[in-house]
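Take a look at the structure set out below.
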Amino acid sequence: MSVIETNALTKTYNGKGGISDVTLSVGEGIIYGFLGPNGSGKSTFVRTLLGLLQPTSGEGYILGEPIGTTKSREQVGYLPELFRYPDWLTGRQLLESHAELCKIPVRQRKKRIEEVVELVGMTGRENGRISGFSKGMSQRIGLACAILNDPKVVFLDEPTSALDPIGRKDVRDLMVYLRDQGKTVFLNSHLLYEVESVCDHVSIVHQGDMVAQGPWRELMVTEAKVEVVTDQPITVPMPAFVTEYQHKNERDRTRMIFQLENESDIPNIIHYLSSHQTPIYEVKPITPHLEDVFLYWVNQKKENMYVDNQ
Amino acid sequence: MWTISKLTFKEMISKKIFLITIIMTFVFLALYGTAIYFAAKESANAAGAIQGTEAILMQKFFASQLLGVGLYFSSFITALLAILSSVSAISGEVASHQIDTWLMRPISRAQFVLGKFIGLVILMMVYAGSLFFGIVLLHQGIGGEWMALDFQPMQLIKAVSVFVIQPFVLIAFGILLSTRMTTLNAGIVCIILYGASFIGGFIEQLGAVIDKANLVNIGIVTSLIFPVDSMYRKMTVFLFETSDNPLSIAQGGMFTSISSPSNVMVWYAVLYGVIGVVVSIYIFKKRDV
Ligand SMILES: Nc1ncnc2c1ncn2[C@@H]1O[C@H](COP(=O)(O)OP(=O)(O)OP(=O)(O)O)[C@@H](O)[C@H]1O
Ligand SMILES: [Mg+2]
């Protein structure tokens with residue numbers, strides 16, 4: 001059974017903005033990346049799933065329950081992108097209130113709160129008032145809140161926006177930990193590297209449209225580029241699978257960038273160079289810029305539409 | 001739902017404004033007590049010259065006016081607090097996005113609105129009730145024999161019950177506005193309606209004194225639109241009028257009531273509040289946050 005399922009789900013604000021016509025199905029026990037530039041409709045989508053926004057059309061289900069019902073939110077956690085919590089509460093009081101709303105039995109509350117506080121690295125600081133929390137601390141307490149009820153599915157909307165590099169790594173580890181426990185994590189992000197390192201499956205959204213979805217590796221390899229550092233300009237003729245190349249001389253090194261037909265051509269080019277006695281100092285695959293990936297899939301979608309219309 | 005009520009209640013109490021309100025309330029009560037003390041002393045001296053029925057009439061008039069003025073201001077303070085606390089109840093949380101994490105929990109929109117309403121109403125009703133008894137006790141206690149009015153326990157209970165309907169109606173109405181409007185707009189609308197209700201009530205009293213049905217009708221219409229001032233009037237009727245007391249009419253004046261709202265009006269006000277909450281829930285169910 002899919003944990004999240006939508007069918008042509010659309011939410012627009014008086015006909016403008018928002019996100020349209022999203023059909024997807026998210027399986028159990030994976031980290032699902034929802035990737036798109038600013039204003040592409042990621043937050044709108046998640047907020048619609050959680051019943052905060054009324055869908056304009058289409059339908060959606062969480063754990064088989066139609067969105068908007070209280071039942072659909074029973075086993076769900078959420079960290080909003082604008083995480084604001086009542087600042088007159090202490091971190092612990094906030095978690096206690098949420099535990100009450102989630103109907104966590106009184107006797108388990110204390111223990112569970114300590115667990116989640118530990119998981120987000122806030123131990124010892126949870127008794128402070130939220131008004132005295134830094135932005136990063138607020139985001140951490142928000143994360144604690146999101147996983148408090150041991151939810152089957154967690155929506156994280158840009159969960160690392162306020163965190164330092166260590167915090168980012170903590171969140172990554174947390175997501176992997178949740179996945180290993182069989183939970184589903186739905187991650188909204190515009191940061192390619194964030195999605196890259198943890199997501200099993202991604203969707204790419206652009207200007208309110210879903211342009212692509214699939215396993216991470218397949219989507220990101222829109223082009224195969226590799227950077228090779230040698231100590232002299234290459235003079236040998238290029239094999240056919242190199243579609244384009246450029247070189248840059250730097251003191252005693254030459255930096256070559258090869259554009260290849262396929263990712264599998266990367267070992268081929270290395271093999272080719274070394275068999276022609278070119279000394280290789282460094283090999284680095286070039287991951288495409290997020291923008292390029294977006295543009296690639298946006299164009300791809302347009303082409304497909306063109307084909308469809310024929 | 002109770003969690004939301006508890007949170008609302010706690011939030012109000014934890015805010016600095018609450019402490020200030022409590023302190024200012026005590027200042028107000030202290031001032032009122034002082035005023036009563038001196039008024040009682042002076043009046044007792046002055047009244048020494050007059051004798052008989054006239055003296056009793058005058059005593060009753062003064063005493064009821066003084067108690068009336070105390071209660072009027074209490075009702076005014078309560079109304080302002082009720083308005084200020086309710087107009088931001090929903091809109092404030094929506095604007096700050098604090099509402100997101102509450103509403104994503106398995107609670108319905110109806111439970112959220114009801115929770116807010118109950119939290120605020122309990123707090124404000126307790127406040128209004130305490131203020132009512134504070135004023136009455138000060139008046140009866142400090143005012144001494146000369147100032148004290150005879151009240152049956154039943155009269156006091158009826159009066160305070162009507163007195164707390166006012167915050168009930170105002171909070172229901174404030175929450176209703178706050179499900180649709182921004183805090184500031186809702187506050188302005190509420191205060192203007194409250195003012196209109198006050199003026200309507202005043203015109204109604206005036207109409208009753210000079211016996212002009214038109215004026216009385218204006219008052220009735222305003223209290224139908226916004227049944228707040230009429231609850232204050234009804235409270236004074238319960239407090240000052242007993243059917244077997246021929247003198248009660250003579251106790252009229254600015255702060256008591258000559259034209260008395262009917263009992264139906266009380267039920268109307270309660271229904272008004274209940275409908276306000278129901279409509280709030282209905283509106284809020286469909287709203288994007
Ligand atoms: N309340 C609103 N009223 C009108 N338009 C809105 C509203 N909220 C969002 N939009 C529009 O909907 C589109 C999608 O916004 P959304 O916040 O979902 O984007 P996002 O992908 O989450 O962006 P970001 O990465 O900046 O968080 C934007 O074009 C935005 O202008
Ligand atoms: Mg967003």
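In what follows, chains carry the letters A, B, and so on, assigned in the order in which the sequence lines appear, proteins first and then strands, with residues in each chain numbered from 1.
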task = Under 4.5 Å, counting heavy-atom pairs only, tell me which of A:Q54, A:E74, A:H98 racks up the most with chain B.
result = A:H98

message = Are B:L7 and A:L89 packed together at the side-chain level, in the sense that at least one heavy-atom pair is separated by less than 4.5 angstrom?
response = yes

ask   = If you count the non-hydrogen atoms of other residues, nucleotides and ligands that lie under 6.0 Å from CZ in A:R92, is the total more than 12?
value = yes

query = How long is the gap from CZ on A:R84 to NE2 on B:H97, to the nearest 0.5 Å?
reply = 9.5 Å

request  = Check whether B:S14 gets within reach of chain A through its side chain, its backbone, both or neither, counting any heavy atom under 4.5 Å.
outcome  = side chain

A:E65, CD atom: more than 12 neighbouring heavy atoms under 6.0 Å = yes

key: Heavy atoms from other residues, nucleotides or ligands near CZ of B:F76 exceed 12 (cutoff 6.0 Å)   = no

ask   = Checking B:R109 against chain A: side chain, backbone, both or neither under 4.5 Å from a heavy atom?
value = side chain

message = Rounded to the nearest 0.5 Å, what separates atom CH2 in A:W88 from atom CD in B:E11?
response = 5.0 Å

ask   = Above 12 or not: heavy atoms from other molecules or residues under 6.0 Å from NZ of A:K152?
value = no

query = Highest number of heavy-atom pairs under 4.5 Å with chain A: which of B:M1, B:Q111, B:Q98?
reply = B:Q98

inquiry  = With heavy-atom distances below 4.5 Å as the criterion, would you say the side chains of A:P80 and B:T101 are in contact?
reply    = yes

inquiry  = Tell me whether B:R105 contacts the main-chain N or O of A:L101 through its side chain, where contact means a donor paired with an acceptor under 3.5 Å.
reply    = no

query = Is B:D100 salt-bridged to A:R47, cutoff N-O under 4.0 Å?
reply = yes

query = Under a 4.5 Å heavy-atom cut-off, does chain B meet the side chain of A:L79, its backbone, both or neither?
reply = neither

ask   = Has B:K10 got more than 12 heavy atoms of other residues, nucleotides or ligands less than 6.0 Å from its NZ?
value = yes

request  = Answer yes or no: is there an ion pair linking B:K6 with A:E100, defined by an N-O contact shorter than 4.0 Å?
outcome  = yes

ask   = Once you round to the nearest 0.5 Å, how far does CG of B:D288 lie from OG1 of A:T56?
value = 8.0 Å

key: Contact listing (chain B partner; residues 13-20 of chain A; heavy atom under 4.5 Å)   = none

query = Taking A:G142, A:A146, A:C102, A:P86 one by one, which has the highest count of heavy-atom pairs under 4.5 Å against chain B?
reply = A:P86

ask   = So, does B:R287 use its side chain to make a donor-acceptor pair with the main chain of A:L53 at under 3.5 Å?
value = no

message = Given heavy-atom pairs under 4.5 angstrom as the criterion, report whether the side chain, backbone, both or neither of A:K11 touches chain B.
response = side chain

task = Could you grab the distance from atom OG of A:S72 to atom CE of B:M104, nearest 0.5 Å is fine?
result = 9.0 Å

